[in-house]
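Only this structure's heavy atoms are used, side chains among them; waters, hydrogens and symmetry mates stay out.
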Amino acid sequence: MRITCPLCGERDRREFYYKGAALVRPAEGADLDAWHEYVNLRENPAGPLDELWYHEMGCNSWLKVTRDTATHEILAVQLASEAGLGGEK
């Protein structure tokens with residue numbers, strides 16, 4: 001699988017660290033139900049899913065990668081900070 005980093009270009013997925021689904025964390029002071037839902041009640045769709053990947057062996061940027069979980073096709077890639085996910089760089 002190849003991921004096209006917006007800063008470095010196309011790279012092998014082994015340069016990246018997979019973090020998981022790109023979900024917005026509960027706000028500071030959120031109740032236990034909100035945290036339980038965030039941590040334990042995630043969907044596992046067969047199809048497009050937004051994920052967080054860290055370009056560990058490249059520019060050290062966090063990326064939001066839209067990947068089809070059934071085919072592993074990369075549908076879109078953008079910097080997490082530009083996607084409103086608060087990533088660095």
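Not a single side-chain contact (heavy atoms from CB on, under 4.5 Å) links Leu32 to another residue, sequence neighbours left out. Asp31 is linked by a side-chain contact (heavy atoms from CB on, under 4.5 Å) to Asp33, Ala34, counting only residues two or more places apart in sequence or in another chain. A search for side chain to side chain donor-acceptor pair (under 3.5 Å) contacts involving Asn44 returns nothing, not counting sequence neighbours. For Asp12, the side-chain contact (heavy atoms from CB on, under 4.5 Å) partners two or more places apart in sequence, or in a different chain, are Arg2, Arg14. In this structure Arg25 satisfies the side-chain contact (heavy atoms from CB on, under 4.5 Å) test together with Trp35, Tyr38, sequence neighbours excluded. Thr66 pairs by the side chain to side chain donor-acceptor pair (under 3.5 Å) definition with Asp50, not counting sequence neighbours.
With rounding to the nearest 0.5 Å, the separation of CG in Asn60 from SG in Cys8 is 9.0 Å. Annotation: the span from Ser61 atom OG to Glu56 atom CD amounts to 13.0 Å, rounded to 0.5 Å. A distance of 12.0 Å separates NZ in Lys64 from OG in Ser81, rounded to the nearest 0.5 Å. Taken to the nearest 0.5 Å, the CG atom of Leu52 stands 5.5 Å off from the CG atom of Leu85.
When the shell of 6.0 Å around CZ of Arg13 is examined, it contains 12 or fewer heavy atoms from other residues, nucleotides or ligands.
Cluster annotation: Met57 is not connected to Ile3 through the hydrophobic network of ILVMFWY side chains, with a link wherever side-chain heavy atoms come within less than 4.5 Å.
Of the options Trp62, Tyr17, Phe16, Tyr18, a ring pair (Phe, Tyr, Trp, His ring centres under 6.0 Å) to Tyr54 is made by Trp62 and by none of the others.
Using a 4.5 Å cut-off on side-chain heavy atoms (C-beta onward), His55 and Glu15 make contact.
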For residues 68-78, please give each side-chain donor-acceptor pair under 3.5 Å, one per line with the distance, not counting sequence neighbours.
{"residue": "Asp68", "atom": "OD1", "partner": "Ala70", "partner atom": "N", "Å": "2.8"}
{"residue": "Asp68", "atom": "OD1", "partner": "Thr71", "partner atom": "N", "Å": "3.2"}
{"residue": "Thr69", "atom": "OG1", "partner": "Pro45", "partner atom": "O", "Å": "2.6"}
{"residue": "Thr69", "atom": "OG1", "partner": "Gly47", "partner atom": "N", "Å": "3.0"}
{"residue": "Thr69", "atom": "OG1", "partner": "Gly47", "partner atom": "O", "Å": "3.2"}
{"residue": "Thr71", "atom": "OG1", "partner": "Glu73", "partner atom": "N", "Å": "3.2"}
{"residue": "His72", "atom": "ND1", "partner": "Arg67", "partner atom": "NH1", "Å": "2.5"}

